[in-house]
**Q** 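Here you go, one structure.
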Amino acid sequence: SMSLKMSVSGGSLPSARKVADKMILRTDKEEAGEMSVHMMQWGQFLTHDLDHTPVVSAGPGKSWDCCGADRDNMACAPITIDQEDSFYGPFNKSCMSFARSSLAPSTDCKAMVDQQNQITSYLDGSMIYGSDINTL
């Protein structure tokens with residue numbers, strides 16, 4: 001499997017889920033404050049306008065089982081979930097299946113790979129109007 005980033009001391013980094021769970025301590029009783037679902041939806045709208053990152057395909061009609069049979073495949077980067085997780089812990093969920101994005105060779109030969117973006121990287125309404133002549 002492809003190695004992921006390591007800490008500056010050479011050790012493994014904590015799970016992305018563990019970091020998120022510890023940083024965003026929220027209970028069901030907590031008020032949303034000034035934020036609403038509209039704020040989340042606006043962020044989603046912007047995200048879909050700025051990038052569309054392709055993932056490594058498992059084949060037609062197939063998906064990766066990154067927490068099971070495909071765990072060691074280089075297309076997978078499963079996210080470990082602690083038993084103490086504030087949301088998933090009570091459900092005994094210990095893994096989130098996560099497929100890596102497709103990588104492109106670096107054009108400057110300094111980095112091993114770059115991320116791909118299948119649409120324009122501008123805030124241009126491309127998710128409404130399209131990104132190419134065929135979808136305009």
**Q** Using modelled atom types and a 3.5 Å cut-off, is there a donor and acceptor pairing between side-chain atoms of Asp82 and backbone atoms of Asp85?
**A**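 A pair under 3.5 Å: no.
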**Q** Same cluster or not: Tyr129 versus Leu123, using hydrophobic residues (I, L, V, M, F, W, Y) connected whenever any side-chain heavy atoms lie under 4.5 Å apart?
**A** yes
**Q** With side-chain contact (heavy atoms from CB on, under 4.5 Å) as the criterion, how do Arg71 and Cys95 come out once you've worked through the C-alpha distance, each side chain's angles and the decisive distance to 0.1 Å?
**A** CA-CA 10 Å; Arg71 177 178 281 280; Cys95 182; 3.5 Å; yes
**Q** Could you measure the distance from the OG1 atom of Thr47 to the NE2 atom of His52? Nearest 0.5 Å is fine.
**A** 12.5 Å
**Q** Do you know the tightest heavy-atom contact between Cys67 and Met96?
**A**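 Minimum heavy-atom contact is SG-C, 3.3 Å.
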**Q** Look at the side chain of Ser102 and the backbone N and O of Val55, then say whether any donor-acceptor pair between them is shorter than 3.5 Å.
**A** yes
**Q** If you count every heavy atom of other residues, nucleotides or ligands that lies below 6.0 Å from Met39 atom CE, does the total exceed 12?
**A** no
**Q** Would you say the side-chain atoms of Asp70 pair up with the backbone N or O of Trp64, donor to acceptor, closer than 3.5 Å?
**A**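 Not confirmed, Asp70 side chain does not pair with Trp64 backbone.
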**Q** Is the backbone N or O of Gly68 less than 3.5 Å from a side-chain atom of Asp65, with the two atoms forming a donor-acceptor pair by type?
**A**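 Looks like yes, one N/O pair under 3.5 Å.
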**Q** Locate the shortest heavy-atom distance separating Arg17 from Ile81; write the atom from each residue and the value.
**A** CG-CG1, 4.1 Å
**Q** Start with the C-alpha gap between Cys66 and Cys76, add the side-chain angles, then the distance that decides, and say whether disulfide bond (SG atoms under 2.5 Å apart) holds.
**A** CA-CA 5 Å; Cys66 293; Cys76 289; 2.1 Å; yes
**Q** Please confirm whether the backbone N or O of Thr53 pairs with a side-chain atom of Asn117, one donor and one acceptor, at under 3.5 Å?
**A**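 Not at all, since once roles are kept as given, no pair shorter than 3.5 Å links the two residues.
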**Q** Quick one: do Leu50 and Ile128 end up in the same hydrophobic cluster if we chain Ile, Leu, Val, Met, Phe, Trp and Tyr together by side-chain heavy atoms under 4.5 Å apart?
**A** yes
**Q** Working to the nearest 0.5 angstrom, can you tell me the gap between Gln44 CD and Trp42 CH2?
**A** 12.5 Å
**Q** For Tyr122 and Asp49: C-alpha separation, side-chain torsions, deciding distance, then whether side-chain contact (heavy atoms from CB on, under 4.5 Å) applies.
**A** CA-CA 7 Å; Tyr122 301 101; Asp49 192 24; over 6 Å; no
**Q** Report the relative orientation of the aromatic rings in Phe91 and Phe87; use parallel for angles under 30°, tilted for 30 to 60°, perpendicular for over 60°.
**A** tilted
**Q** Give me the atom names and distance for the closest heavy-atom approach of Leu103 to Gln116.
**A** O-NE2, 3.3 Å
